Amino acid sequence: MAVDRTSKISRHYLLSDFLVDATFPQLAAVLAPGPQILANLRRLGAVMDRLVEQFPPRWTVVSGYRDFELNEACRKAGLPASVASLHMF
């Protein structure tokens with residue numbers, strides 16, 4: 001299911017801001033989070049908004065939501081990615 005990466009999920013962030021991974025950008029480019037993950041990302045966006053407003057300027061997310069495939073790639077590359085990584089929720 002395709003998602004609109006340009007949709008605004010908070011005052012300061014677009015969905016695309018959380019669908020990133022600096023190590024595996026090609027896997028992050030095909031992420032398609034479902035409704036529950038989108039709800040979680042909106043809550044995270046609200047927290048990030050408060051941080052940005054308290055400690056400007058805008059913060060950049062370098063590793064956001066991961067699906068199982070992206071998380072496994074990170075783990076196999078020796079990055080700190082657990083089998084039950086919170087990136088996947």
Side-chain angles (χ1 to χ4, degrees):
M1 176 174 93
V3 294
D4 180 4
R5 292 170 172 265
T6 64
S7 63
K8 197 166 181 130
I9 63 166
S10 72
R11 289 187 303 278
H12 300 284
Y13 291 93
L14 301 175
L15 178 57
S16 61
D17 294 320
F18 291 94
L19 301 182
V20 297
D21 187 88
T23 307
F24 296 102
Q26 72 282 9
L27 292 176
V30 296
L31 290 171
Q36 183 59 52
I37 298 297
L38 290 173
N40 291 344
L41 291 173
R42 285 186 190 95
R43 285 194 293 277
L44 177 58
V47 171
M48 294 292 292
D49 282 344
R50 291 195 301 268
L51 288 170
V52 167
E53 290 159 8
Q54 185 69 32
F55 305 102
R58 188 172 181 274
W59 292 32
T60 301
V61 177
V62 295
S63 181
Y65 166 69
R66 295 178 187 161
D67 61 5
F68 178 79
E69 183 180 359
L70 177 53
N71 194 65
E72 278 299 294
C74 291
R75 200 172 65 72
K76 288 177 181 175
L79 298 173
S82 74
V83 175
S85 173
L86 292 177
H87 282 84
M88 298 188 300
F89 301 100

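Start at 1 with the first residue, then count along the sequence. Just so we're clear, the structure is a prediction, and the values are computed from it rather than from any experiment.
Linking ILVMFWY side-chain heavy atoms closer than 4.5 Å, directly or via other members, places Leu51 and Ile9 in a single hydrophobic cluster.
In this structure, the side chain of Arg5 engages the main chain of Ala29 through a donor-acceptor pair within 3.5 Å.
Contact of the Val52 side chain with the Arg11 side chain is not registered, since no non-hydrogen atoms from C-beta on lie closer than 4.5 Å. Between Ser10 and Met48, the closest side-chain pair of non-hydrogen atoms is not below 4.5 Å. Within the 4.5 Å cutoff, side-chain heavy atoms of Leu15 are placed close to those of Leu38. At least one side-chain heavy atom of Val3 sits less than 4.5 Å from a side-chain heavy atom of Leu19.
Summarising the geometry, atom CG belonging to Asn71 is positioned 11.0 Å from atom CG belonging to Leu27; distances are rounded to the nearest 0.5 Å. Between atom CG of residue Asp49 and atom CG of residue Leu44 there is a gap of 9.5 Å, rounded to the nearest 0.5 Å. A distance of 13.0 Å separates CZ of Arg66 from CD1 of Ile37, quoted to the nearest 0.5 Å. One finds the CD atom of Glu69 at 11.0 Å from the SG atom of Cys74 (value rounded to the nearest 0.5 Å). Here CG of Leu41 is found 8.0 Å from OH of Tyr65. Values are rounded to the nearest 0.5 Å.
Closest approach of Asp17 to Arg58, counting heavy atoms only: OD2-NH2, 2.5 Å. Residues Ser7 and Asp4 share a closest heavy-atom pair of OG-O, 2.9 Å. Minimum heavy-atom separation, Ala77 to Phe24: CB-CZ, 3.9 Å. Heavy atoms only, all atoms of each residue included: Tyr13 and Trp59 are closest at OH-O, 2.8 Å.
Here Glu72 pairs with Arg75 in a salt bridge; the nearest charged N to carboxylate O distance falls below 4.0 Å.
Residue Thr23 is tested with Val62, Leu79, Leu70 for a side chain to side chain contact (heavy atoms under 4.5 Å, CB included); the sole match is Leu79.
Checked against side chain to side chain contact (heavy atoms under 4.5 Å, CB included), Val30 has no partners two or more places apart in sequence or in another chain.
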